[in-house]
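Read through the structure below, which is laid out as C-alpha cells, and then see the notes.
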Amino acid sequence: MSNIWSAVCTVTRDCEVRYLPNGTAVLNVNVANNQGFGDKQKTLFVRVALFGKRSEGQLQNYLKKGQQVFVSGELTQSEYRGNDGTTKTSLELNANIIDLVGKRNESSPSEQQNSNVKQSPSHDVNASYDAGVPWDNDIPF
C-alpha cells in the first residue's frame, strides 16, 4: 500500500455485511472523524470496507452507531454526480485494521446476562506490584 490513513473515528450507523458473487464477505461501515479546532473544525465522513474472514466474525455485533473505533488502511477518493447535478466527493477506506475503542454504547442480551456476574476488584495503587515489589509512594519526581 502506498497510502495509509489511520484515525480514531465514531461509527455513524450500524455496519452491514454483504457477500460478493465469489463468496467473499465484505463488512461496510460509515465513520466520522473530527479535524481541527473551534470554528475551523470539520467532520470527515469515510466509508470503510473490510474484506475476507475478518468481516465474518463477531465484529459486526459491536460496530453500532456511536461506537468509537480505530481504523487503518488505504484511503481513496472518488467523485460522483449528486441529484442536483453538482460534483461531490466520497472517501473510501479499504481497511486492514478495525479495532474497538472505548465502551460499547448499547448492551446486548449476552452483556445483560454477564452484568450479573461479580466484576473483579480494580487494582489498588497501594497494593503490591505483580512481581512482588511494593509501590513506593515517596518517589522524588
Side-chain angles (χ1 to χ4, degrees), residues 1-137 139-141:
M1 273 191 240
S2 60
N3 176 11
I4 301 291
W5 185 75
S6 300
V8 174
C9 303
T10 303
V11 175
T12 59
R13 67 176 165 186
D14 294 357
C15 74
E16 56 185 35
V17 176
R18 297 182 184 178
Y19 290 89
L20 299 176
N22 66 3
T24 302
V26 181
L27 182 141
N28 292 306
V29 64
N30 294 335
V31 298
N33 178 264
N34 292 331
Q35 296 180 333
F37 297 97
D39 295 339
K40 299 191 186 242
Q41 184 172 357
K42 293 182 180 181
T43 303
L44 183 68
F45 294 96
V46 180
R47 294 178 9 193
V48 179
L50 179 69
F51 292 86
K53 292 285 184 189
R54 295 176 294 164
S55 61
E56 294 176 346
Q58 294 296 317
L59 187 59
Q60 63 186 324
N61 297 331
Y62 296 94
L63 292 177
K64 304 291 183 191
K65 183 177 181 177
Q67 173 69 47
Q68 281 194 321
V69 294
F70 171 79
V71 294
S72 182
E74 185 174 3
L75 187 67
T76 59
Q77 179 178 344
S78 60
E79 292 184 354
Y80 64 96
R81 195 160 301 273
N83 293 338
D84 57 357
T86 61
T87 301
K88 299 186 179 197
T89 60
S90 172
L91 293 173
E92 292 104 23
L93 183 75
N94 184 359
N96 290 327
I97 300 170
I98 298 179
D99 283 334
L100 300 175
V101 178
K103 295 183 179 179
R104 198 170 155 194
N105 291 339
E106 300 176 34
S107 60
S108 66
S110 63
E111 267 188 67
Q112 291 171 355
Q113 291 171 356
N114 292 335
S115 66
N116 295 333
V117 177
K118 186 176 180 182
Q119 298 291 329
S120 62
S122 61
H123 184 70
D124 183 9
V125 175
N126 294 322
S128 296
Y129 183 69
D130 292 336
V133 178
W135 288 96
D136 186 5
N137 290 335
I139 298 175
F141 50 86

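The chain is numbered in sequence order, starting from 1.
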Exercise. Quick check: does any side chain N or O of Asp14 sit under 3.5 Å from a backbone N or O of Lys65, one acting as donor and the other as acceptor?
Worked result: yes
Exercise. Step by step, would you call Leu91 with Trp5 a side chain to side chain contact (heavy atoms under 4.5 Å, CB included)?
Worked result: CA-CA 11 Å; Leu91 293 173; Trp5 185 75; over 6 Å; no
Exercise. How far apart are the C-alpha atoms of Leu100 and Leu63, what are their side-chain angles, what is the distance that settles it, and do they pass the side chain to side chain contact (heavy atoms under 4.5 Å, CB included) test?
Worked result: CA-CA 8 Å; Leu100 300 175; Leu63 292 177; 3.9 Å; yes
Exercise. Do Val69 and Val11 touch side chain to side chain, with heavy atoms closer than 4.5 Å?
Worked result: yes
Identify each donor-acceptor pair in which a side-chain atom of residues 21-29 lies under 3.5 Å from a protein atom, sequence neighbours left out, and give them as a table.
unit_1: Asn22; atom_1: OD1; unit_2: Thr24; atom_2: N; d: 3.0
unit_1: Asn22; atom_1: OD1; unit_2: Thr24; atom_2: OG1; d: 2.9

Exercise. How long is the gap from OG on Ser55 to CD1 on Ile98, to the nearest 0.5 Å?
Worked result: 9.0 Å
For this session: Would you indicate whether the side-chain heavy atoms of Phe51 and Asn94 approach each other to under 4.5 Å?
Result: yes
For this session: Would you give the length of the straight line joining atom OG of Ser90 to atom CZ of Arg47, rounded to the nearest 0.5 angstrom?
Result: 4.5 Å
Problem set entry | Set of residues satisfying side-chain contact (heavy atoms from CB on, under 4.5 Å) with respect to Gln41, sequence neighbours excluded | Asn34
Seminar exercise, completed: Closest non-hydrogen contact found for Lys64 with Gln60 is NZ-O, 4.0 Å
Exercise. So, Gln67 side chain and Val101 main chain: donor-acceptor pair closer than 3.5 Å or not?
Worked result: yes
For this session: Only counting residues at least two apart or in another chain, list the ones meeting side-chain hydrogen bond (donor to acceptor under 3.5 Å, both in side chains) with Thr89.
Result: none
For this session: Quick one: list whatever passes side-chain contact (heavy atoms from CB on, under 4.5 Å) with Arg54, sequence neighbours left out.
Result: Leu50
Exercise. Are the side chain of Asn3 and the backbone N or O of Leu75 linked by a donor-acceptor pair below 3.5 Å?
Worked result: yes
For this session: Side-chain contact test, heavy atoms from C-beta onward, threshold under 4.5 Å: evaluate it for Ser78 versus Glu92 and give yes or no.
Result: yes
Problem set entry | All salt bridge (charged side-chain N to carboxylate O under 4.0 Å, His left out) counterparts of Arg18, not counting sequence neighbours | Glu16
Problem set entry | side-chain contact (heavy atoms from CB on, under 4.5 Å) partners of Ile97, counting only residues at least two apart | Phe70, Ser72, Asp99
Mind listing the side-chain donor-acceptor pairs of residues 79-86 below 3.5 Å, one per line with the distance, residues two or more places apart or on another chain?
unit_1: Arg81; atom_1: NH1; unit_2: Gly85; atom_2: O; d: 2.9
unit_1: Asp84; atom_1: OD1; unit_2: Thr86; atom_2: N; d: 3.3
unit_1: Asp84; atom_1: OD1; unit_2: Thr86; atom_2: OG1; d: 2.8

Problem set entry | Contacts of Phe45 that satisfy side-chain contact (heavy atoms from CB on, under 4.5 Å) - sequence neighbours left out | Thr12, Ala32, Thr43
Problem set entry | By side-chain hydrogen bond (donor to acceptor under 3.5 Å, both in side chains) - contacts of Gln58 (at least two apart) | Asn61
Problem set entry | Residues forming a salt bridge (charged side-chain N to carboxylate O under 4.0 Å, His left out) with Lys42, sequence neighbours excluded | none
